[in-house]
Amino acid sequence: MTLRRTPILVAALLLLGGSGAPLGARQVARLRSDSVIDRIVAVVGSRAILDSHITERIYQEHPQGKGLPTTDEARVALRKDVLESLVNEELMMQEALRDTTIKVPDDDVTKSVDALIKTTRARYPGEEAYRRDLRVSGFETPDEYRTWLTEQQRRALTIRALMSKLKGSGKLKSVAPIDKEIRDYFEKYKANFPKRAEAVTFRQIVIAPPAKAEAKARALAQADSILAELRKGADFATTARRFSMDPGSKEQGGELGWIRRGTGLLDQRFEDVAFLLRPGVVSEAVETAYGYHLIQVERTQPAEVQVRHILIMPTLDAADADSAARTAARLRDLIEKGASFDSLQLVWHDKAEEKEVVEISLEALPPAYAEAQKGVAPGHVGPVFRLEASVDPLRSKFGFLMVTNRIPAGDVRFEDVKEQIRAGLTDQLTQQRYIDRLRRATLVEVRGG
């Protein structure tokens, strides 16, 4: 199992609002537009922004009114900020629509909407409660809610595609904040950050069961055989559903979605090949720690590719699994006797797993890790633990960790979020410079929020 730190969401840094926060998003807007004449508060190019759009966005970002300001002055300031955001979004949307190379496939929108609806639906104990809240929020049916959400997501994905193209082409020059701006942002919004949970930093050595040479040869031969069929015209997605051994993508026809270069989320060999392929071409078998991959790029855009793959893993047996467990126990014993953790990690650690996990909340740890670090003081190693492989128990890995630091729970510290704020402000300042340029070339009339 791969560990990832869940980044703190700094909502105020997001240019696009929480377009997936649906329920409550239209209730007040509908009440307002039903009871009074809706008014135009701004004109961007030839498109009007209405007062109800501001109200809708506010309740989109504050479902059921949670977290709304309580004073008249603060409410006025909020509406002004939201209007500014809507104007900025409309400027970028119009610019994206003028660029005929920017296309957002319906399939991408549908997948995004499906994921958001699934997340929203999971918050309710049953279908009736879900539908009742939809009606309270102004949606008569789930289909009406889907239609509204589809429109929101299409706009968001279109703007994202525009920004990605601009960055990839070098037309969007990065604007970095100075340290004072980062500190000022933290001081202004630190009350909005969640409390810091107790956290731990550790290094680990994880051992994957080693496949025998004969098993690897058979897996490679199978991959080559599948490749031959694909090059004769077999459908990649159908073949992936039949043969791929990746449980996360098999049923989606091997679909991995869009991947960005240099994120560290993929094996380096897999990434290198993926970014060299032309769309539609299937790679030779690429070996990684997981097995052998046949890779097909579907589409490309600057610094990103949309990828499918078929994974063929060598067969393992009980002796392979026992070997991994024995190796982990032996390495742990050597470290207890004074051997270098660095040296053993360099030679033995499974490259598909992180070497070090920094300041991860104890609440975010998978059960195996939560148990393994329990009671382990900094500088000491915990017991050997098993990382279960649900698809095949024989592929379970074994490892142990060395705790290097423990961070008590408390208020969030500047150093905890400094780099997240820096990244967010860089995006915000960079986008704002671009938006300022669009404003100078577009008729923008603001009549008040």
Side-chain angles (χ1 to χ4, degrees), residues 1-14 18 66-67 119 122-123 177 179 181-208 260 262-266 328 331-332 335-336 340-342 344-346 348-388 396-427:
M1 178 177 293
T2 299
L3 286 166
R4 298 288 179 202
R5 287 191 63 195
T6 302
I8 297 171
L9 177 62
V10 187
L13 291 178
L14 299 180
K66 294 178 182 178
T119 300
R123 300 203 304 259
D179 287 345
E181 288 174 317
I182 299 172
R183 173 66 75 171
D184 288 347
Y185 181 90
F186 173 74
E187 294 299 332
K188 182 176 181 180
Y189 293 106
K190 64 181 177 182
N192 296 337
F193 286 95
K195 294 286 186 180
R196 187 184 72 248
E198 183 181 357
V200 63
T201 295
F202 61 84
R203 306 174 67 200
Q204 64 176 346
I205 296 177
V206 176
I207 308 298
R260 178 171 285 275
T263 61
L265 297 177
L266 295 173
L331 296 180
R332 183 190 180 282
I335 289 172
E336 287 275 38
S340 166
F341 193 100
D342 287 347
L344 293 179
Q345 186 186 59
L346 181 64
W348 292 97
H349 180 63
D350 179 13
K351 292 180 175 58
E353 306 289 341
E354 287 90 346
K355 290 183 177 180
E356 181 178 28
V357 178
V358 179
E359 295 190 11
I360 186 171
S361 164
L362 298 189
E363 300 169 355
L365 286 172
Y369 282 93
E371 188 63 30
Q373 62 80 41
K374 193 177 295 182
V376 180
H380 294 264
V381 293
V384 172
F385 60 94
R386 178 187 178 111
L387 292 174
E388 293 285 352
S396 297
K397 302 176 184 180
F398 294 85
F400 58 91
L401 55 82
M402 173 182 281
V403 173
T404 56
N405 192 23
R406 289 191 176 276
I407 303 92
D411 291 333
V412 67
R413 304 164 303 178
F414 177 62
E415 56 267 29
D416 294 332
V417 294
K418 179 180 178 181
E419 293 310 313
Q420 294 168 9
I421 295 174
R422 184 192 306 278
L425 283 178
T426 297
D427 284 346

Is a side-chain donor or acceptor of [X] paired with a backbone partner of [Y] at a separation under 3.5 angstrom?
| X | Y | result |
| --- | --- | --- |
| Glu388 | Ser396 | no |
| Thr201 | Thr404 | no |
| Arg183 | Lys418 | no |

Rounded distance [0.5 Å steps], [atom1] in [X] versus [atom2] in [Y]:
| X | Y | atom1 | atom2 | answer |
| --- | --- | --- | --- | --- |
| Ile335 | Ile205 | CD1 | CD1 | 4.0 Å |
| Arg413 | Glu359 | CZ | CD | 5.0 Å |
| Asp411 | Phe193 | CG | CZ | 12.5 Å |
| Leu344 | His349 | CG | NE2 | 12.5 Å |
| Phe186 | Gln420 | CZ | CD | 11.5 Å |
| Glu356 | Phe202 | CD | CZ | 9.5 Å |

Self-check item: Residue pair Lys374, Glu371: steps toward the salt bridge (charged side-chain N to carboxylate O under 4.0 Å, His left out) verdict
Solution: CA-CA 5 Å; Lys374 193 177 295 182; Glu371 188 63 30; 3.2 Å; yes
Closest approach of [X] to [Y] (non-hydrogen atoms, all atoms of both residues):
| X | Y | answer |
| --- | --- | --- |
| Gln204 | Glu353 | NE2-CB, 4.2 Å |
| Val376 | Gly382 | CG2-CA, 3.8 Å |
| Val384 | Phe400 | CA-CB, 4.2 Å |
| Leu425 | Ile182 | CD1-CA, 4.0 Å |
| Gly399 | Ala328 | N-CB, 4.3 Å |
| Val412 | Lys190 | CG1-O, 4.2 Å |

Practice problem: Report the C-alpha distance between Tyr189 and Val417 in whole Å, list the side-chain angles of each, state the deciding distance to 0.1 Å, and finish with yes or no for side chain to side chain contact (heavy atoms under 4.5 Å, CB included). | Solution: CA-CA 11 Å; Tyr189 293 106; Val417 294; over 6 Å; no
Quiz item: Where do Leu401 and Arg203 land on the side chain to side chain contact (heavy atoms under 4.5 Å, CB included) test, with the steps shown first?
Solution: CA-CA 6 Å; Leu401 55 82; Arg203 306 174 67 200; over 6 Å; no
Exercise. Using the side chain to side chain contact (heavy atoms under 4.5 Å, CB included) rule, take Arg406 and Gln373 through it: C-alpha gap first, then chi angles, then the decisive distance, then the call.
Key: CA-CA 10 Å; Arg406 289 191 176 276; Gln373 62 80 41; 2.8 Å; yes
Quiz item: Would Val200 and Leu365 satisfy side chain to side chain contact (heavy atoms under 4.5 Å, CB included), going step by step from the backbone distance to the final call?
Solution: CA-CA 10 Å; Val200 63; Leu365 286 172; 4.1 Å; yes
